[in-house]
Amino acid sequence: MERTNTQGLLIVISAPSGAGKTTICKELLNEFPDLHFSVSCTTRPPRKGEKDGEDYHFISVKDFRNSIEKDEFVEWEEIYGHFYGTSKKDIEGLIQKGFDVILDIDIKGAGNVKVKYPESVFVFIMPPSVEILRERLKKRGSETDDIIKMRFDRAMEEIRENERYDYVIFNDTISDSVDIMRSVYMAEKNRRSQLQARINNFYQITGGI
Ligand code: 5GP
């Protein structure tokens with residue numbers, strides 16, 4: 001795809017845990033080299049298989065507080081007793097270069113991004129049903145029953161917030177959801193406002209036939 005000097009697109013994806021959002025994001029990221037993942041900072045310990053600098057920047061509470069003081073986050077939240085935050089420098093650097101960025105953040109964080117970057121695209125991933133959501137949360141394995149219950153209650157609360165999003169994807173199957181996500185991405189990339197720089201360049205070509 002021809003690069004233009006248009007700013008990159010911010011795509012904010014939220015979902016209750018257990019909706020399958022991480023897998024959908026990863027599939028899309030594999031497909032589009034110009035699409036980057038915004039690696040959040042968190043104070044929660046890594047889960048099995050998670051890599052520092054890829055899934056999250058796993059940092060200490062002290063470092064996190066330091067970053068808050070230095071105003072280094074676009075937004076940050078405390079979730080399940082841990083801090084999560086989006087680095088201002090990371091995403092600004094990428095979108096200024098024209099790269100598109102996926103932010104996998106919770107609903108409150110998404111609300112804050114909307115205030116700072118109103119042109120962003122907001123996508124909400126829904127689990128296919130309440131039963132499936134409950135089962136998926138149980139299967140994660142790395143958490144206690146209390147945490148699972150807390151995550152389930154929070155998930156149900158979050159699902160009610162879907163009306164603040166531009167798109168809702170019911171994650172019935174990963175491949176269908178990736179298809180929908182790809183369509184959303186393509187449509188948003190081809191919004192007139194996104195193509196303004198390319199349109200301007202088009203008129204500047206000189207020389208006769
Ligand atoms: P998990 O611990 O399961 O990886 O993530 C818990 C929740 O934190 C998810 O809803 C995830 O989207 C959200 N999250 C991850 N990074 C950020 C962030 O930088 N900011 C906010 N507000 N939420 C985040």
Side-chain angles (χ1 to χ4, degrees), residues 10-29 36-61 63-68 70-95 101-117 120-127 133-144 146-162 164-165 167-169 171 177 181:
L10 276 188
I11 305 168
V12 180
I13 304 191
S14 304
S17 41
K21 151 188 71 162
T22 313
T23 320
I24 298 169
C25 289
K26 284 192 173 157
E27 296 262 332
L28 204 71
L29 288 159
H36 290 246
F37 180 67
S38 159
V39 180
S40 296
C41 295
T42 185
T43 59
R44 89 149 158 73
R47 293 199 187 102
K48 217 173 144 207
E50 284 183 332
K51 290 201 186 100
D52 187 34
E54 265 181 43
D55 298 284
Y56 284 103
H57 299 292
F58 295 99
I59 64 173
S60 67
V61 174
D63 287 348
F64 199 98
R65 288 195 197 283
N66 237 330
S67 289
I68 296 174
K70 290 198 221 144
D71 196 25
E72 288 175 349
F73 294 125
V74 172
E75 61 75 39
W76 65 270
E77 294 293 334
E78 189 178 349
I79 305 166
Y80 320 123
H82 299 294
F83 293 114
Y84 294 79
T86 308
S87 153
K88 210 184 265 182
K89 202 167 126 223
D90 280 6
I91 65 166
E92 280 291 333
L94 288 166
I95 58 171
V101 183
I102 286 194
L103 274 74
D104 167 346
I105 60 177
D106 85 323
I107 281 131
K108 269 203 208 152
N112 291 329
V113 172
K114 196 162 200 164
V115 174
K116 291 185 183 159
Y117 300 96
S120 310
V121 181
F122 293 84
V123 181
F124 194 88
I125 312 284
M126 290 279 271
L133 171 68
R134 206 192 306 267
E135 280 315 302
R136 283 186 188 166
L137 287 175
K138 279 187 192 160
K139 273 193 201 141
R140 279 199 157 176
S142 60
E143 278 113 0
T144 63
D146 279 356
I147 292 181
I148 292 168
K149 162 97 174 64
M150 196 170 83
R151 286 190 174 232
F152 178 76
D153 291 346
R154 184 186 161 90
M156 294 305 287
E157 249 173 57
E158 290 191 324
I159 284 169
R160 289 189 190 96
E161 301 289 327
N162 72 76
R164 293 159 60 184
Y165 285 70
Y167 298 92
V168 170
I169 301 177
N171 189 17
S177 300
M181 199 54 230

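Order of appearance sets the numbers: ligands from 1, and atoms from 1 within every ligand. Remember, predicted model here, so these are calculated numbers, not experimental data.
Applying the 4.0 Å criterion to heavy atoms of R44 picks out, from ligand 1, the atoms 1 (P), 2 (O), 4 (O). For ligand 1 and G85, the ligand atoms under 4.0 Å from any heavy atom of the residue are 18 (C), 19 (O). Short contacts between ligand 1 and E77, defined as distances under 4.0 Å to a heavy atom of the residue, involve ligand atoms 22 (N).
The shortest heavy-atom distance from K108 to ligand 1 is not under 4.0 Å. In this structure, K21 has a heavy atom closer than 4.0 Å to ligand 1. Under a 4.0 Å heavy-atom criterion, Y56 is in contact with ligand 1.
Looking only at side-chain heavy atoms (C-beta outward), S177 and I125 stay at 4.5 Å or farther from each other.
Rounding to the nearest 0.5 angstrom, the gap separating the CZ atom in F37 from the SG atom in C25 is 6.5 Å. Summarising the geometry, atom OG belonging to S67 is positioned 4.0 Å from atom CZ belonging to F73; distances are rounded to the nearest 0.5 Å.
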Side-chain donor-acceptor pairs of residues 75-84 under 3.5 Å, sequence neighbours excluded:
unit_1 : atom_1 : unit_2 : atom_2 : d
E75    : OE2    : T86    : OG1    : 2.4
E77    : OE2    : N112   : ND2    : 3.3
Y84    : OH     : R44    : NE     : 3.3

Can you give each donor-acceptor pair under 3.5 Å made by side-chain atoms of residues 103-111, sequence neighbours left out, with the distance rounded to 0.1 Å?
unit_1 : atom_1 : unit_2 : atom_2 : d
D104   : OD1    : K21    : NZ     : 2.7
D106   : OD1    : G109   : N      : 3.0
D106   : OD2    : R154   : NH2    : 3.0

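Residue-environment remark: NZ (K149) stays at or below the threshold of 12 foreign heavy atoms within 6.0 Å. For K26, the NZ atom counts as loosely surrounded, since its 6.0 Å shell holds 12 or fewer non-hydrogen atoms of other residues, nucleotides or ligands.
Under 4.0 Å from ligand 1, the heavy atoms of R151 that appear belong solely to its side chain. The proximity of I79 to ligand 1, defined as any non-hydrogen pair under 4.0 Å, is limited to the side chain.
Evaluated by nearest non-hydrogen atom to atom 20 (N) of ligand 1, the leading choice among R47, E75, H57 is E75. Nearest residue to atom 24 (C) of ligand 1 from L103, T42, V74, I105 is I105 (criterion: closest heavy atom).
For ligand 1, the polar-atom distance check against Y84 finds a nitrogen or oxygen pair separated by under 3.5 Å. An N or O contact shorter than 3.5 Å links D104 to ligand 1 by distance.
Listed here is the closest heavy atom pair of V39 and H57: O-CD2, 3.4 Å.
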